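Below: the structure, in structure tokens.
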Amino acid sequence: MTNDIYGPFPGGSAGFPDKNWLEALTEGQRARYEELGTNLEVVERRISDACAAAGRPRDEVTLIVVTKTYPAEDTALLAGLGVTDVAENRDQDAAPKAEQCRNLPLDWHFVGQLQTNKVRSVVRYANHVHSVDRLRLVESLSAAVLKSGRPELGCLVQVALDKEHGEGEHRAGVAPADVARLADAIADTPGLRLDGVMTVAPLVGPLAGDPAGAFGRLAEIATAVRTAHPAATMVSAGMSGDLEQAIAAGATHVRVGTAVLGVRSPLR
């Protein structure tokens, strides 16, 4: 994965132990590094301001940078800027990117709809899967984790808030009424760890166009899950356009792509 702004892979093959890695960047890499750094500063300010407005400590919210469609070189530059959590939504893009960045100090999150035939690949690099929405996927993830011998995989129940009102039948995620059953299944399945819940602000239904209301409803669901499973503290909600509303409602993780990486033409 590369384009014409990149020369040698930023940071080399061993990550960033070498303090001279910045000096080795090409002119194009340096410009991209500065662009990403400026964007990160803006997003960080938004998160800090939102936490202050909500009366929450800044360290309660983790920024996950969604690097989908962007090259591994951008991920490396982000790591050099101090980003620790990155997310992908398609295994065919994520797997080679994670392999190229394997020596970087990154925590990988899978946030897209996950087909069972991709599970074995995803568990090789992802530490968290935010999009668990059916029992068959729970079983497949468990089997893959146990076969690989890797540590437990963190799982979040993806909540489809529009399904509470009979909308979004074909969208990923489970209806709020089905969250408890799926959460229990994850918690009781070997190799998996129930981390919490995730949602995307709905596009249809009464909560469409109302991210504050949507994330408030997710907060209620998250509270119910934590009552049964106290360690399931992650609330993954909010993206570039609505991270403030998500933080106000108690999100612990915000998934931001465009506001960090920009809207330049992504790689295909």
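All residue numbers refer to positions in the sequence shown, counting from 1. Everything numeric here is computed off the predicted structure, so don't read it as measured data.
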Which atoms form the tightest heavy-atom contact between [X] and [Y], and what is the distance?
| X | Y | answer |
| --- | --- | --- |
| A172 | A160 | O-CB, 3.5 Å |
| C155 | L192 | SG-CD2, 4.0 Å |
| A185 | L135 | CB-CD2, 3.5 Å |
| A219 | A249 | CB-O, 3.3 Å |
| Q100 | A72 | OE1-CB, 3.4 Å |
| L104 | A76 | CD1-CA, 3.6 Å |

Partners meeting side chain to side chain donor-acceptor pair (under 3.5 Å) with [X] (sequence neighbours left out):
| X | answer |
| --- | --- |
| T67 | E88 |
| E244 | R46 |
| R58 | E44 |
| D184 | H229 |

task = Sorted by first residue and then second, give each ring-ring contact (aromatic ring centres under 6.0 Å, His included) pair with at least one member in residues 71-118; sequence neighbours left out.
result =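 Sorted result for residues 71-118: H109-H128, H109-H130.
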request  = Only pairs at least two apart or in different chains count here, so list each ring-ring contact (aromatic ring centres under 6.0 Å, His included) that has a residue in residues 26-64.
outcome  =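 Output for this query lists W21-Y33.
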Is it the case that the side chain of [X] and the backbone of [Y] share a donor-acceptor pair, with hydrogens and angles ignored and the cut-off at 3.5 Å?
| X | Y | answer |
| --- | --- | --- |
| S142 | V138 | no |
| Y70 | G262 | yes |
| R102 | E99 | yes |
| T199 | A237 | no |
| R32 | D74 | no |

message = For a side chain to side chain contact (heavy atoms under 4.5 Å, CB included) check, start with the C-alpha distance between V66 and N89, then their side-chain angles and the critical distance, and finish with the verdict.
response = CA-CA 8 Å; V66 182; N89 74 331; 6.0 Å; no
Is there a side-chain contact between [X] and [Y] (heavy atoms, below 4.5 Å)?
| X | Y | answer |
| --- | --- | --- |
| L207 | D162 | no |
| L194 | V225 | yes |
| I186 | D195 | no |

request  = Would you list the pairs meeting salt bridge (charged side-chain N to carboxylate O under 4.0 Å, His left out) in which at least one residue belongs to residues 128-156, sequence neighbours left out?
outcome  =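 Sorted pair list comes back empty.
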[X] side, atom [atom1]; [Y] side, atom [atom2] - distance, nearest 0.5 Å:
| X | Y | atom1 | atom2 | value |
| --- | --- | --- | --- | --- |
| L106 | D85 | CG | CG | 8.5 Å |
| D107 | N127 | CG | CG | 4.5 Å |
| Q29 | L22 | CD | CG | 10.5 Å |
| E35 | R30 | CD | CZ | 14.5 Å |

Can you hop from [X] to [Y] via hydrophobic side chains spaced under 4.5 Å?
| X | Y | answer |
| --- | --- | --- |
| L261 | L243 | yes |
| I64 | Y125 | no |
| V86 | V111 | no |
| V254 | V159 | yes |
| V179 | V129 | yes |

Side-chain donor-acceptor pairs of residues 112-122 under 3.5 Å, sequence neighbours excluded:
from	atom 1	to	atom 2	distance (Å)
S121	OG	D91	OD1	2.8
S121	OG	D91	OD2	3.0

inquiry  = Can you pull out every side chain to side chain donor-acceptor pair (under 3.5 Å) where at least one residue sits in residues 249-259? Sequence neighbours excluded, please.
reply    =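 Every side chain to side chain donor-acceptor pair (under 3.5 Å) pair that includes a residue of residues 249-259, provided the two are not neighbours, is S236-R255.
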message = Once salt bridge (Lys or Arg N to Asp or Glu O under 4.0 Å) is applied, do any residues pair with R217, and if so which ones, sequence neighbours excluded?
response =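 R217 satisfies salt bridge (Lys or Arg N to Asp or Glu O under 4.0 Å) with E164, E220 once adjacent residues are dropped.
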Salt bridge (Lys or Arg N to Asp or Glu O under 4.0 Å) partners of R90, counting only residues at least two apart =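 Checked R90 against salt bridge (Lys or Arg N to Asp or Glu O under 4.0 Å); matches are D93.
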ask   = Other than V200, which residues form its hydrophobic cluster under the rule that side-chain heavy atoms must be closer than 4.5 Å?
value =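 Result for V200 is L156, M198, M234, M239.
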Steps toward side chain to side chain contact (heavy atoms under 4.5 Å, CB included) verdict (T233, R226) = CA-CA 7 Å; T233 58; R226 283 197 304 274; 4.2 Å; yes
ask   = For V260, which of V42, L81, T38, L78 qualifies under side-chain contact (heavy atoms from CB on, under 4.5 Å)?
value =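 The side-chain contact (heavy atoms from CB on, under 4.5 Å) with V260 is passed solely by L78 among V42, L81, T38, L78.
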